[in-house]
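Below: the structure, in structure tokens.
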Amino acid sequence: MHIKVLGAAACIGHPGHTTSFLIDEDTLIDCGTGVTSLRADEMLSIRQVLLTHSHADHCGCLPLLADVHASRRGPGLTVYSQQETLDALRAHLFNGELWPDYTRQPSTEQPWLRLQAVEPGYALPIGEGLATALPANHSVPALGWLIEGSWRALAFSGDSGPCPAFWQWVSNVPSLTDVICELTYTDERQGEAARQGHMTPLLLLPFLPLLPANTHLWISHIDPGCREHLLEQLRSEYSNGLRVCPLREGMLIEL
Ligand SMILES: Nc1ncnc2c1ncn2[C@@H]1O[C@@H]2COP(=O)(O)O[C@H]2[C@H]1O
């Protein structure tokens, strides 16, 4: 299995795209603006979206992706997320006003967009691997996702402030080699991080010793105003063998 980073930024603005990762050819984690770099035929190959939460930087391109399937008579998509997130999609995106209700078109029995409610622990076979919903702690209901390939496993925190249940979970995955963790603000902005359900280096620090020493820690969702300072802060506060790198669009992670 391979995971291609289509978007990992907190905001748009060239060259940044918001969160979207493509797993093999048919599965997306989140549907931020990163998905717009795919060709239409690649979009038609996507069959499922593992959605972390309802904020627009993570689901804002879902109406347009569903429209590619509808207008080109594609196979349609299934979105997996918590019930609250799916309710928000129905109420605010696919409501017939902001966008056609593709959860009921062309028919309620076989719509272009199918919504499947999941909770942490729900496991879904994808390709030769497994995707499992993980707990998260954000300003709206949110999930992380664990992706287990044949040999290696990657955990994604989604947007989340401190969430001990997430870190306990991933530290018990024997094949874990990679963690993508959001780190939005520097320590000086801990107040905003707490209000919005985001991480700073100091908030992340207590969880890092739970990871195997050679884990790759990829940082996503960095506020563009504090990128270099934030990475310096993390490296100066934690220098204990973890390989820490900012996640970049276009990167491929093999599992
Ligand atoms: N009080 C607030 N709570 C949550 N998000 C906020 C608030 N004020 C501003 N925001 C912004 O809204 C964004 C929603 O998505 P994010 O959580 O990625 O980042 C959040 C902030 O950039």
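Remember, it's 1-based here, ligands and their atoms both numbered in the order they're listed. Computed over heavy atoms, backbone and side chain alike; hydrogens, waters and symmetry mates excluded.
- In terms of polar-atom proximity, His138 is counted as a contact of ligand 1, with an N or O under 3.5 Å from an N or O of the ligand.
- In this structure, atom 10 (N) of ligand 1 is in close contact with the protein, since a protein heavy atom lies within 4.0 Å of it.
- Heavy atoms of Thr184 found under 4.0 angstrom from ligand 1: none, in either backbone or side chain.
- Here the heavy atom of the protein found nearest to atom 1 (N) of ligand 1 is Gln196 CG, 4.7 Å.
- If you check the side chains of Gln116 and Gln48, you find no donor sitting under 3.5 Å from an acceptor.
- For Thr52 and Asp30, the side-chain atoms include at least one donor-acceptor pair closer than 3.5 Å.
- The closest protein non-hydrogen atom to atom 15 (O) of ligand 1 is His55 ND1, 3.5 Å.
- Ion pairing between a basic and an acidic side chain is recognised when a charged N comes within 4.0 Å of a carboxylate O; Arg195 and Glu192 show no such pairing.
- Taking 4.0 Å as the cut-off between side-chain N and carboxylate O, Arg235 and Glu232 do not count as a salt-bridged pair.
- Using a cut-off of 4.0 Å between Lys/Arg side-chain N and Asp/Glu carboxylate O, Asp101 and Arg90 are scored as not salt-bridged.
- Atom 19 (O) of ligand 1 has His198 NE2, 3.4 Å as its closest protein atom, hydrogens excluded (heavy atom only).
- Donor-acceptor pairing under 3.5 Å is recorded for the side chains of His229 and Glu188.
- In terms of polar-atom proximity, His221 is counted as a contact of ligand 1, with an N or O under 3.5 Å from an N or O of the ligand.
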